[in-house]
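These numbers come from the heavy atoms of this one structure, side chains and all, not from hydrogens, waters or symmetry mates.
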Amino acid sequence: MGFTLLTEAIGAADAYLWVLDGNERAISFYERQGFALDGATKPEDVGLERRMVRRAD
């Protein structure tokens, strides 16, 4: 279901998103969809967020 939702929302376009540091399940899911951590971070009230980026081929 997550893959279908992601595909419907952004298709194969370039995209970025923020994921909570330590959320390995989410990071793994997005990596399978072509996203990669790019090193950018930002502090939030709930913890550190890390940016993931996907470039369309």
Practice item. With rounding to the nearest 0.5 Å, note down the distance linking CZ in Arg54 to CD in Glu31. Key: 13.5 Å
Check your understanding: Out of curiosity, Leu37 CG to Met52 CE, how far, rounded to the nearest 0.5 Å?
Key -> 4.5 Å
Exercise for review: Please answer: with hydrophobic residues joined when any side-chain heavy atoms are less than 4.5 Å apart, are Tyr16 and Ile27 in the same cluster?
Suggested key: no
Revision key, fill the gap. So ring-ring contact (aromatic ring centres under 6.0 Å, His included) across residues 37-57, not counting sequence neighbours, yields none
Practice item. Only pairs at least two apart or in different chains count here, so list each ring-ring contact (aromatic ring centres under 6.0 Å, His included) that has a residue in residues 31-57. Key: Tyr30-Phe35
**Study point:** Atom CZ of Arg25: over 12 foreign heavy atoms under 6.0 Å
**Key:** no
Could you list the donor-acceptor pairs under 3.5 angstrom formed by side chains in residues 41-51, with sequence neighbours left out?
residue : atom : partner : partner atom : Å
Arg51   : NE   : Asp38   : OD1          : 3.4
Arg51   : NE   : Asp38   : OD2          : 2.7
Arg51   : NH2  : Asp38   : OD2          : 2.7

